[in-house]
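Data first, discussion second: the structure below is written as structure tokens.
Because the structure is predicted, anything quoted here is derived from the model rather than measured. Chain letters run A, B, ... following the sequence lines, proteins first and then strands; every chain starts at 1.
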Protein chains: 2
Amino acid sequence: MTASRTARERVRAELTREIADIARRQLATEGAGGLSLRAVAREMGMVSSAIYRYFPSRDDLLTTLIIDGYNALGEAVERADAACSPDDYLGRWLVACHAVRDWAVAHPHEYALLYGSPVPGYHAPQDTVSARVRDVAVYGRILSEAYHAGALTPPPPAPAPPPAAVAETAVIGELMPGVPGDVLLRCVTAWTGLYGWINFEVFGQFENTIEDRRAVFDHSARLLAGMMGLAQ
Amino acid sequence: MTASRTARERVRAELTREIADIARRQLATEGAGGLSLRAVAREMGMVSSAIYRYFPSRDDLLTTLIIDGYNALGEAVERADAACSPDDYLGRWLVACHAVRDWAVAHPHEYALLYGSPVPGYHAPQDTVSARVRDVAVYGRILSEAYHAGALTPPPPAPAPPPAAVAETAVIGELMPGVPGDVLLRCVTAWTGLYGWINFEVFGQFENTIEDRRAVFDHSARLLAGMMGLAQ
DNA sequence: AAAAAACGAGAGCACCGCTCTTGACGACTG
DNA sequence: CAGTCGTCAAGAGCGGTGCTCTCGTTTTTT
């Protein structure tokens, strides 16, 4: 029973995976807008309606690609951080920054799906949240550990954040327990600054403006670290 | 001759403008992907093929919307800066930051067209560059004036930028003549950080995370100003 | 062995961007 | 004034899309 049922389920899982793989390849070459269920079906030798046995809609296919993308990016950052010496917090921060950027440059269309303009009809299901925070969780871990080790101390001049802003750090603070609000606000600023930089690069804003982007990015990551007060 | 010809040209210009207006309205409600030439034609009471008398393709229509968007954003920032007292550089910086954010929040889809994932087949024509730098030119002016007034001095600790990174600031430096490379790199970092923050907000990354976004944004803008060394 | 569920194929619907042809209208010229 | 030419809106049509429905076939379950 289980064996026969697994036979059926196995081929189904295999085909589901194959559809997602082909779709990911098309996404990588054509971008999200060029992803076509019919093209995927053609490449699989199926008729287009057969795809709907495996993915109820194009949006659902996109959703699995998004989840896979979050996991791939998160894993890349996790692996990069795992290779660092744990108490070199600035080094870990820089390595994590470059890990995100390297992945984004290598997979621009997938990155755009994660951090670019949201796709029109798409609303993130709840089961994406665990995958979606994997990359930022690494940053949270690095900075949280740095703070508790005394290696993350906001440098003067320290403009006192208004209480309204501090109150907004509650959700972010769950990733970094014990870190006070003013430090969290600096981390958020560095976090958005980091991804903003990558967005500019991946989305072509640096065209004809900055060419050796890795060098400038590295310096920007160091400046953001300095803004947070992340010591060497 | 000129009169009759202008009569002809006038109605043509009028229709061209009306098409663009309807397209902009659809863009605002549906997003770039939902912009349909046929829908625009329907709303104008025309048949779809007639639109092609005025815009040779959907991409060309998008191009004019993009140029209009850059101009609208640039004008918003320019007007905001013009209302400031010229030697309050920190105030001008903050006002400009909020001007960009306010415009982006008010026109999310248009902003996504400018600073989000690039549209698939679209390549920016050369005539967009003058409009595209209007917003950043304001920042360049503010920070350049601040520097020459002695109000923009990078605070310690100042990590020395590698020469490779400094060399990349040449194009950016054209907007801010006389400003040295290390300061320019800080400005670029603040610039990307600012737009990264807005991207996160407009693209929904702060959903269920940060609610009072204006307050947090304001503080982030101040932190970025401090990173640059922009004095009160 | 019979009933039920899953599956692939095919036709079809409404929509899209875009092209081509046709007929009408207005503006220049002999 | 008459004729010609260019501009325009309309319509049909092509290939593409996401998606639905039906219909035999196959596989699993009862």
At under 4.0 Å between heavy atoms, how does the protein contact nucleotides 12-26 of chain D? Give one character per nucleotide, 5' to 3', with B, S or -. -B---BBBBB-----

Determine the contact category for Phe55(A): base if any of its heavy atoms lies under 4.0 Å from a base atom, sugar-phosphate if only primed atoms, P, OP1 or OP2 are that close, otherwise nothing. nothing

Report the distance from atom CD1 of Ile51(B) to atom C1' of dA10(D), rounded to the nearest whole Å. 13 Å

Neighbours of DNA chain D within residues 15-25 of chain B, by heavy-atom distance under 4.0 Å: Leu15(B)

Can you find a pair of side-chain heavy atoms, one from Leu194(B) and one from Phe217(B), that are under 4.5 Å apart? yes

Length of the line joining Glu9(B):CD and dC8(D):C1', which is rounded to integer Å: 14 Å

Step through the shown structure and confirm whether more than 12 heavy atoms of other residues, nucleotides or ligands are within 6.0 Å of CZ on Arg12(B). yes

Rounded distance (Å) that lies between atom P of dA9(D) and atom CE of Met44(B): 8 Å

Atom pair distance, as rounded to whole Å: CG in Leu61(B) and C1' in dG17(C): 12 Å

Ring centroid separation Tyr195(A) to Trp197(B) under 6.0 Å: no

With heavy-atom distances below 4.5 Å as the criterion, would you say the side chains of Glu110(B) and Arg24(B) are in contact? yes

Between Glu201(B) and Val105(B), is there a side-chain heavy-atom distance shorter than 4.5 Å? yes

Separation of Glu14(A) atom CD from dA6(C) atom C1', in whole Å? 18 Å

Hey, are the side chains of Tyr52(B) and Leu37(B) touching, using non-hydrogen atoms and a 4.5 Å cut-off? yes

Looking at Arg214(A) and Asp218(A), is there a salt bridge between them, counting it only when a charged N and a carboxylate O are closer than 4.0 Å? no

From CZ of Arg10(B) across to C1' of dT7(D) the rounded distance in Å is 18 Å

Just by distance, do the side chain of Arg58(B) and the backbone of Leu35(B) share a donor-acceptor pair under 3.5 Å? yes

Give a yes-or-no answer on whether the side chains of Tyr54(A) and Asp60(A) include a donor-acceptor pair shorter than 3.5 Å. no

Over how many whole Å does the gap from Met46(B) atom CE to dT7(D) atom C1' extend? 12 Å

